[in-house]
Amino acid sequence: MNLIEAEKRIKKLRSEIARLRDAYHTKDIGTDDVYDSLNNELKVLIKKYPEFEDLNAGENRVAGRPLDKFEKVKHKTRMLSLNDVFSEEELYDWEKRVKKLLSSNTKINYFCEVKFDGLAVTLIYEKGKFVRGATRGDGFIGEDITQNLKTIKSIPLELSPLLGKEGEEGGNSKNHHPAFGTPPQKGGEEIPDYTEVRGEVLMSKKTLIKLNFENEKNDRPLFANSRNAAAGSLRQLDPKLAAERELDFFAYDIAEVEFSRSDLKSSKRPDLYTHSEKHDYLNRIGFQIDKNQAICKNLKEVTAFIKKFEKIRPDFPYGTDGVVISVDDLKTQEILGVIGKAPRYMAAYKYPAERATTIVKDIKINVGRTGVLTPLAIFEPTSVAGSVVSKATLHNADQIERLDLRIGDTVVIEKAGDVIPKVVEVLTRMRTGKEKKFKMVSKCPVCGSGVEKKESGGKKPGFKNSKKPGFEESDKLSVAFYCTNPKCPAKNERSLIHFVSAFEIYELGPKILRRFKDEGLITDAADIFTLSKEDIAPLERFGEKSAENIIKEIKLKKKIPFSKFLFALGILHVGEETARDLANNFGTLNKLYNAEIEEINRIENIGPAVSSSVYNYFKEKSNLVFIEKLLKNGVTIEKVEKKKEGKLSGLTFVLTGTLSSISRTLAKEKIISLSGKVSSSVSKNTSYVIAGEEAGSKLTNAQKLGVKVINEKEFLDMLK
Ligand code: IVH
């Protein structure tokens, strides 16, 4: 990318980010991931081209602005945002920045809690009574949504009576959610004259499913996630409708507590010296607090908390997108202060996004086991849901059309669960005009045969609206293209399995090969050699480690003896032995390719059926294309060493039964290395039958034909 291109891209990114920010904060649409992903690209670009830094640009300002339909309220204390960190490394960088600002002997405790993915609100209580609640808006001015907030059961309309004598029970168990532990009991405190509580309004995952089910039935648009659903519900002008939505509230901060009586005894005031004490206090006065919280002595403990919650997260009843980490001590928080839109003393650790944006470099066609042609989008390696990916399935040509996807487009990719990612949206506003339209091939890229159109799919005929979230493109009735050649190598699963076993790529069993093919990662055996770790790691049950092992093994086996290469091709009638004879006689692939049928026929042990099959194999164009592809993808054939005559020269052996001190494979190799031959069946030309334990019919045959039978010990002696 040159300077001019970078400037153009930055401009595009800024305007799309601004649009998304507006939509996200005021219209309850869009998802955080896409926004974050574009922002990330912008950050990287600005770091590389600092001349385009602009302090007035959107990325340096707080998001959101008040809506028109509710009354505006000015916040007494600004509602801030949080700075995100996306890795352990960034977390440590944050700590470094924090420590730099503090004296070296300051002891830091961290408070960890769940980062809810809902809508931030502020709640104001005067003399313990709920008087007003508002959204964040732009941080300074929000929308007054008091009436709607009043419908949420977990928002107390009155703070708990803590007015009992000192030591007496306090806490409002009426508002306390039983799932989140018993509230700490403490009495004797007075309710402040003014209390401002901050927290998140949420819709549970269960309620969202119910709501979307109803919406679906009534042909109303669905909510993409619980954040949008919660936000959309709160913005209902009719509180009755808001009430139907079963929203929930979790408190996480206190912006202010004020007592008008300055002479109030300190025992009547809450002890609020740390963020964790704020949480306890919130719980005592009647708010629901999530029990997944911890005070950590260092970042190691913080990381452990993050990992622990990551496991709980899928089953957590509410949408979450990370962990909020705070410097626990409030005095230290004050010293650290706020910079820009976020406090320095807090960081939001975000779990890997399931959606990300990237640029499509190319669209490749894969041929599946059924001959179906599947387009694949190829892009720069991009991190999504914790793994780096560089390909995404496009299902079929129809979908490319529906998405209006062109090569060069900026797209949103999604990795739901542990499957290969898919392209879910094209950001058409990011276009420069240089994007290229995709055209479906008219010939099979594997065998060159014609291609035909067929209808396929249609698993869920009841589903009407394909624009709705949750709708699977693959579930819809669609037109797909197929290779018309019944013998197309891409359709032959057995030859793929045979190839891999001949190459001794032990990591790739039949199940894995089938999976790779179904995911569109490979069309034929030659594709195996272009696989990367990034292709495999995102698949369910694989992960980084096993992907690494597979790639290592493939790389190792790229270099192969000529005989094994020939055997791997799966030429009719060419088993291991014949392949060895061919390799030893011709020495190179080129010589064999150029050989006349008579030359092949002249080789000892090779009859007319074999020679014509070998000859014809090299006349078939698709076979040559395949071999060329193998060589292009890095397969190298080792030269055949002209062997000196060994001591077993002229002798043919047949193995039967189990040998106790040597494997069959090794015994074969030893014989061959000493110029002997190994055959699978006994004939009058057999020199020796080596009989191990439980020798079978071959032994009987040898006895019938009068062939000499030797035992394991006698055989081993011959090798000496
Ligand atoms: S602490 C300084 N604690 O995340 C303002 N915020 O991305 C942050 N959020 O605006 C207050 N869960 O809406 C805090 N446990 C939690 C939170 C949390 C979710 C939201 C909050 C904030 C946004 C920033």
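Whatever order the structure lists ligands and atoms in, that order sets their numbers, starting from 1.
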Ring centroids only, cut at 6.0 angstrom: are Phe86 and Trp94 within range, meaning strictly under it?
no
Would you call the rings of [X] and [Y] parallel, tilted or perpendicular if under 30° counts as parallel and over 60° as perpendicular?
X      : Y      : value
Phe316 : Phe309 : perpendicular
Tyr318 : Phe250 : perpendicular
Tyr125 : Phe287 : perpendicular

Which residue owns the protein heavy atom closest to [atom], what's the atom, and how far is it?
atom                    : result
atom 23 (C) of ligand 1 : Lys115 NZ, 3.8 Å
atom 15 (N) of ligand 1 : Val114 O, 2.8 Å
atom 5 (C) of ligand 1  : Leu80 O, 3.5 Å
atom 20 (C) of ligand 1 : Glu200 OE1, 3.5 Å
atom 10 (O) of ligand 1 : Arg136 NH1, 3.1 Å

If hydrogens are left out, which of Phe111, Tyr252, Phe116, Phe250 has an atom nearest to atom 3 (N) of ligand 1, that is, the closest non-hydrogen atom?
Tyr252
Would Glu113 count as a contact residue for ligand 1, given that I'm defining contact as a non-hydrogen atom of the residue lying under 4.0 Å from a ligand atom?
yes
Taking the six-membered ring of Tyr194 as reference, does the cationic atom of Lys76 (NZ for Lys, CZ for Arg) lie under 6.0 Å from its centre and within 45° of its axis?
yes
Relative to the heavy atoms of Ala120, which atoms of ligand 1 are at a distance of less than 4.0 Å?
13 (O)
With heavy-atom distances below 4.0 Å as the criterion, list the atoms of ligand 1 near Pro343.
2 (C)
Side chains of Arg235 and Phe70: does their closest heavy-atom pair fall under 4.5 Å?
yes
Strictly below 4.0 Å, N to O, side chains only: are Glu196 and Arg198 in salt-bridge contact?
yes
